[in-house]
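Everything quoted here is computed from the prediction, not taken from an experiment. Heavy atoms only: backbone and side chains are in, while hydrogens, waters and symmetry mates are out. Just so we're on the same page: letters track the sequence lines, and every chain starts at 1.
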Amino acid sequence: DAATSLKFTLDWKFEGPAAAFLVAADKGYFAAEGLDVTIDTGNGSAGAVTRVASGAYDIGMADFNSMMEFNDKNPDKAMKAAFIVYDIPPFSVFALKKSGIAKPADLAGKTLGAPVFDAPRKLFPAYAKAVGVPADGVTWKSMDPPLREPMLMRGEVQAISGFYFTSLLNLRALGVTEKDLTIFNFADAGVSLYGNALIPSPKLMKENPEAVKGFLRAVVKGWRDVVADPAGGIQAIRKRDPLIDDKLELDRLKMALEMCVLTPDVKADGMGGVRPERLAAAIDQVALAFGFARKPAPAEVFDASFLPAAADRKLTP
Amino acid sequence: MTAAFVDLDRVTLRYGAGDTLALSETTMKIAKGEFIAVVGPSGCGKSSLLKLVSGLMRPSTGTVIVNGQEVTGPLKIVGMAFQNPTLLPWRTTLDNVMLPLEIVEPHRRRLRGARAEYEERARAMLASVGLAGFEGKFPWQLSGGMQQRASLCRALIHEPDLLMLDEPFGALDAFTREELWAILQDLWTRRPFTVILVTHDLREAAYLADTIYVMSKRPGRIVHVRRNELPRPRTLETTFTRDFTDLVHELRNHISAVRAAQDTIPEDAR
Amino acid sequence: MTAAFVDLDRVTLRYGAGDTLALSETTMKIAKGEFIAVVGPSGCGKSSLLKLVSGLMRPSTGTVIVNGQEVTGPLKIVGMAFQNPTLLPWRTTLDNVMLPLEIVEPHRRRLRGARAEYEERARAMLASVGLAGFEGKFPWQLSGGMQQRASLCRALIHEPDLLMLDEPFGALDAFTREELWAILQDLWTRRPFTVILVTHDLREAAYLADTIYVMSKRPGRIVHVRRNELPRPRTLETTFTRDFTDLVHELRNHISAVRAAQDTIPEDAR
Amino acid sequence: MTPRAKAVVDKSMPLLSAVGLFVVWELACRLFAVPEYLLPTPSASFLAAWTYRDAIWMHALQTLLTTLGGFALAVAFGVLLGALVGSSRAVYRAANPLLIGFNSVPKVAVVPILVMWFGIGTVPAVLTAFLISFFPIVVNVATGLATLEPELRDVLRSLGATRTDILLKVGFPRALPFFFASLKVAVTLAFVGSVMSETVASNLGVGYLMMSASSRFNMPLVFAGLLVIAAMGIAMYGAFSVIEHRSTRWAHRGGESL
Amino acid sequence: MTPRAKAVVDKSMPLLSAVGLFVVWELACRLFAVPEYLLPTPSASFLAAWTYRDAIWMHALQTLLTTLGGFALAVAFGVLLGALVGSSRAVYRAANPLLIGFNSVPKVAVVPILVMWFGIGTVPAVLTAFLISFFPIVVNVATGLATLEPELRDVLRSLGATRTDILLKVGFPRALPFFFASLKVAVTLAFVGSVMSETVASNLGVGYLMMSASSRFNMPLVFAGLLVIAAMGIAMYGAFSVIEHRSTRWAHRGGESL
Ligand SMILES: Nc1ncnc2c1ncn2[C@@H]1O[C@H](COP(=O)(O)OP(=O)(O)OP(=O)(O)O)[C@@H](O)[C@H]1O
Ligand SMILES: Nc1ncnc2c1ncn2[C@@H]1O[C@H](COP(=O)(O)OP(=O)(O)OP(=O)(O)O)[C@@H](O)[C@H]1O
Ligand SMILES: [Mg+2]
Ligand SMILES: [Mg+2]
């Protein structure tokens with residue numbers, strides 16, 4: 001019978017970290033599961049959440065924490081993640097060494113720049129708490145993503161928040177090297193959040209669980225291929241967007257793999273799942289940072305029932 | 001029954017709110033097929049009168065009845081040559097003249113099928129007023145008098161039952177004017193339609209009209225009605241007859257009286 | 001030296017590229033302070049002639065000299081009443097009449113200080129043509145004849161050295177017209193300026209002008225020049241004199257001849 | 001209908017249509033159970049507007065001032081350039097492609113450059129409002145001047161008027177209806193510009209408010225922001241619609257009926 | 001200068017001014033050593049355009065088609081609504097505040113809603129182009145109709161013409177200069193709309209290209225995209241400028257000199 005068609009939205013443009021999905025499509029992993037998947041670029045995590053919530057897309061790649069926030073605001077439309085992509089989110093704060101910021105506590109009283117919808121910015125209170133900076137001890141300036149790094153260099157802001165690999169590569173492109181930079185990763189301060197996840201629409205979960213399962217199986221295969229051959233993954237991106245800079249995207253992909261995907265937890269448990277105690281802690285931190293009306297139970301935000309078997313989720317042999 | 005074709009009953013026209021009184025208690029009865037002329041001093045409300053009869057404006061008080069029906073909106077049986085030629089600047093002279101054929105039934109319906117024929121008619125009409133060769137020119141490429149003649153053609157082309165001419169020959173030299181008098185009279189004799197002609201030229205009125213209405217200064221009223229029984233068809237010779245010059249002289253005296261008398265009446269009397 | 005004030009030397013005017021020949025080899029010499037009239041059939045190029053003299057258009061060939069200087073652009077000494085009144089619709093009648101004072105020196109300089117005085121002059125002028133009470137009205141609230149009178153005021157208000165009138169009385173009744181003849185003649189007698197008057201009314205030409213030019217059909221040429229030696233000031237009585245009617249008759253014959261003769265010459269001869 | 005009743009209906013038309021829109025919108029949302037994050041109901045939006053009225057007031061004031069600044073610049077520059085373009089064929093030919101090209105470019109792409117030059121805040125917003133809104137004014141003023149009836153121009157030329165005189169005495173008055181038409185377009189664009197710049201980089205203004213509300217999934221507040229902008233646009237329009245009415249009555253002398 | 005020389009200069013004016021702009025821009029960049037991420041030189045932009053010509057061609061075609069689609073919708077709808085608004089006082093009063101309000105709202109805020117309904121890609125881009133560009137057409141057509149000289153209207157009315165007749169025979173022809181002025185504005189806005197929508201939600205089109213280039217700080221490519229849009233805007237404009245010239249010669253009969 002005919003393949004089930006699924007619309008899948010990425011969180012962002014066709015860049016390195018999106019390689020796994022494109023590889024899965026190109027190599028026919030989706031087709032093998034009886035799925036016809038359309039992959040579209042996204043415009044940020046918040047957007048991807050609403051795209052799925054509205055039914056425009058069947059599955060979205062979006063920030064797990066943003067999804068929880070959405071659920072808090074729209075309890076009757078609550079969604080659940082089915083697969084964690086970034087086991088450790090690449091949430092970071094960047095400062096120029098010359099600004100005199102050397103340790104997290106130095107951020108107090110400083111001006112930080114980021115878009116209002118930036119996940120690290122939104123979760124900064126959790127980080128601030130962890131490093132002992134009063135949460136309202138920093139001033140934020142809002143700006144579009146591409147303005148963030150130039151504004152840091154211009155001195156308009158003393159630090160910026162962002163995804164580790166995105167901002168680092170952007171700064172490199174602007175001629176800043178790592179030795180000029182102070183970088184704080186949220187994960188290093190014990191903020192143990194989860195990052196981007198795959199979020200199927202509740203309707204799809206209910207009506208066609210097999211499709212979700214098949215989708216996830218194919219995705220894992222894609223990631224496995226990308227881990228084995230990152231350069232091959234870049235070629236899959238190149239097919240969609242011939243304008244990319246291979247070297248840059250390869251760097252980005254490698255950083256993402258190293259920092260967010262091939263984490264100790266994933267190496268131990270396989271990709272996609274959660275550890276209950278970590279999830280509980282993460283929900284606590286997020287609920288605090290966002291000021292949730294009601295703290296959700298873990299089962300309300302993550303549904304493990306679609307995951308492939310643990311053995312099938314291993315990325316490395 | 002001999003009901004008038006055009007019947008104005010104590011018609012008053014006021015522009016703006018109580019501002020300018022243009023016509024005051026004007027009463028006229030025009031029979032079907034009659035050719036009347038209206039003369040009067042400048043600004044006395046002649047153009048306004050035409051607008052009332054054609055339904056372009058509504059009277060402030062009084063009624064206007066045309067063809068047995070009270071006029072409440074623009075009529076469909078009218079051909080009108082405005083005081084300004086008002087040709088549409090984006091149309092050639094020929095297309096301007098053809099305009100009524102695109103609007104007025106039954107021509108409108110027939111136009112698609114018989115365009116060549118209608119165009120021929122328009123060209124012939126333009127030629128008859130001396131505009132042969134100017135069909136393809138735009139109005140702003142014509143001299144003032146030529147525009148006026150084109151506008152006259154536009155008023156006639158669809159053979160309206162009621163023709164209103166507002167100083168249609170004002171910008172023409174005496175000879176062209178007299179030629180056109182003859183042409184107009186010819187048309188009217190062949191197919192009698194009702195004509196209201198506004199003019200400042202008393203000879204014109206005497207040459208063309210069956211009845212001549214003399215209006216007072218603003219606010220305009222009909223102060224004198226003069227039947228003109230000069231035999232038809234009238235020719236240039238007629239204009240040299242005693243009867244003709246007497247008629248012109250009589251009209252002249254009337255207007256002269258009108259102008260003198262009214263100067264004592266306050267401007268906006270009512 | 002008796003150089004002409006306005007001097008046209010074999011002036012030809014062609015509209016478009018070799019399309020319409022409006023004037024052909026026209027030669028005229030007008031002395032300073034002379035009042036001339038131009039008569040001719042409709043479309044013969046009278047309005048075009050005025051535009052050439054005032055510098056609004058450049059001749060195709062030939063030269064136009066005014067006040068000793070070749071005309072290469074609009075002159076600053078002209079007052080012009082166009083064939084269409086062309087009042088500016090966003091100005092009241094008074095403001096329309098005041099327009100030249102805002103443009104032409106020395107009035108322009110003085111206007112700010114002496115506005116009340118100038119306004120008084122404009123009002124008086126409007127009153128003299130019978131438009132008292134209409135100063136505050138917009139042009140489209142005036143009748144055709146009233147607009148024409150306002151336009152005449154606008155041409156006169158700044159006391160130009162060269163006055164061009166293109167059928168300035170065409171939309172007026174005979175009496176208003178004759179009144180204005182007298183007014184214009186008065187003005188001219190008190191402060192002689194040069195006047196070029198285009199008219200279709202031969203009596204008007206005979207009443208007002210020192211010299212009358214008769215033009216041929218299009219393409220226009222001067223076919224006859226007639227000095228008019230009737231004594232000044234001329235009055236309505238003058239128009240009933242034998243000399244006057246003879247003059248009118250003579251002009252009439254000339255035009256008649258012009259119209260008849262030329263019909264055999266191809267339209268765009270040259 | 002009596003003329004008086006007609007006049008009353010006429011006067012209340014804008015209100016009626018606005019209320020009508022809100023009712024239809026509310027009903028549609030409820031009938032089709034449109035989720036709030038997709039399209040909130042007007043009632044929810046009004047409620048949000050009321051709840052956050054202090055913040056909205058502050059942000060709206062900022063946006064209004066920014067917009068007015070940019071709009072004022074646009075009018076001044078637009079009229080000037082329009083006059084040049086409309087009155088000289090050479091300037092027209094030289095400037096036209098550049099203008100068209102510049103205006104086909106989304107101003108979103110220009111905002112970051114402005115921000116990099118002038119920093120975050122009011123200046124780029126004012127400039128964006130200006131850059132986005134001057135073009136319609138240029139085009140309409142230029143068209144108004146270029147389509148001036150030669151007959152009217154000749155009235156001035158026959159007096160030996162200078163080009164400036166002609167421009168001031170007939171060009172501009174004649175182009176006024178065109179000018180006012182363009183103002184209506186320009187003022188709405190000015191709002192678009194300033195709000196857009198605020199969404200790209202600012203901590204103040206309705207644009208920032210909407211952006212931040214949308215990042216918190218507070219769609220009613222986003223729509224409250226939209227409604228506030230719309231209201232400001234209408235108010236601005238109303239203000240100079242009065243001026244238009246006074247100054248171009250001659251052009252609208254035909255009255256209402258076509 | 002001889003008329004012929006003048007005509008040549010006249011013809012080459014657009015080219016001259018464009019070249020002039022690029023030279024000034026290049027010099028400014030080099031003299032002040034403007035960093036590339038702030039403002040690339042035109043030479044770098046042209047180089048980028050050449051390097052990526054295949055990709056640009058593909059994206060540009062998409063954007064052009066999208067824009068044309070939206071623009072066509074805008075013209076049809078704009079003329080219709082403009083006719084209604086311009087010919088009926090009641091519609092005018094009812095529709096005006098809604099229109100102004102809607103147009104003060106940045107369309108960026110509307111794109112996400114469109115995406116939720118229609119998914120990303122061509123449809124929201126076409127709709128955004130449409131939504132952003134119809135307003136100037138409405139305003140100008142309405143103004144053109146509302147300022148119709150009553151004298152011309154009376155010519156038709158005296159023939160007993162219907163409202164539709166009047167609209168078709170004098171209303172529209174008379175409003176044509178207004179209409180074309182608005183087209184110039186509208187087509188640039190249509191480009192803005194489709195590109196904007198592509199930056200927010202599309203995998204294709206110059207907007208996507210620019211977004212993706214800018215997220216990699218490939219500023220020369222971003223500017224290559226801007227130049228391509230500008231060029232397309234100018235080309236479109238040129239195309240119907242020919243139509244304008246043919247159909248409103250009567251209005252431009254005054255010729256060049258003011
Ligand atoms: N649209 C208008 N608004 C206000 N007043 C007007 C309007 N049209 C005409 N009037 C006034 O009405 C009166 C009569 O005008 P009308 O045009 O009927 O005169 P008329 O007899 O045709 O004059 P003329 O012989 O000069 O053409 C005038 O006093 C004029 O000022
Ligand atoms: N703008 C123009 N473009 C082309 N041809 C024109 C233009 N203006 C006038 N003409 C032509 O020039 C000739 C003379 O026109 P002009 O207006 O000078 O005549 P006129 O003597 O004033 O006529 P009338 O007595 O009817 O006003 C006419 O044949 C006319 O068609
Ligand atoms: Mg009249
Ligand atoms: Mg003439």
Less than 4.5 Å apart, any side-chain heavy atom of [X] and any of [Y]?
X: C:Leu99; Y: D:Leu156; answer: yes
X: C:Thr86; Y: D:Asp154; answer: no
X: D:Glu151; Y: C:Asn84; answer: no

Worksheet entry | Close approach to chain D in residues 112-130 of chain C, criterion heavy atom under 4.5 Å | none

At a heavy-atom separation under 4.5 Å, does [X] approach chain D through its side chain, its backbone, both, or neither?
X: C:Phe138; result: neither
X: C:Leu87; result: backbone
X: C:Leu75; result: backbone

Discussion item. My understanding is that only residues two or more places apart in sequence, or in another chain, count here; which of them pass side chain to side chain donor-acceptor pair (under 3.5 Å) with C:Ser42?
Written reply: B:Arg149

Worksheet item: Residues in side chain to side chain donor-acceptor pair (under 3.5 Å) with C:Glu135, at least two apart?
Response: none

Worksheet item: So how far is it from C:Met57 CE to D:Arg157 CZ, rounded to the nearest 0.5 Å?
Response: 9.5 Å

Response to the item:
When rounded to the nearest 0.5 Å, the distance separating CG of D:Leu159 from CZ of C:Arg108 is 10.5 Å

Worksheet entry | Winner by heavy-atom pair count (cut-off under 4.5 Å) against chain D, out of C:Ser54, C:Pro100, C:Gly55 | C:Pro100

Discussion item. Would you say CD of C:Gln69 has more than 12 non-hydrogen atoms from neighbouring residues, nucleotides or ligands within 6.0 angstrom?
Written reply: no

Worksheet item: salt bridge (Lys or Arg N to Asp or Glu O under 4.0 Å): which pairs involve residues 68-96 of chain C, sequence neighbours left out?
Response: C:Arg91-C:Glu102

Worksheet, complete the sentence: Smallest heavy-atom separation, C:Pro89 atom then D:Leu152 atom, equals CD-CD1, 4.5 Å

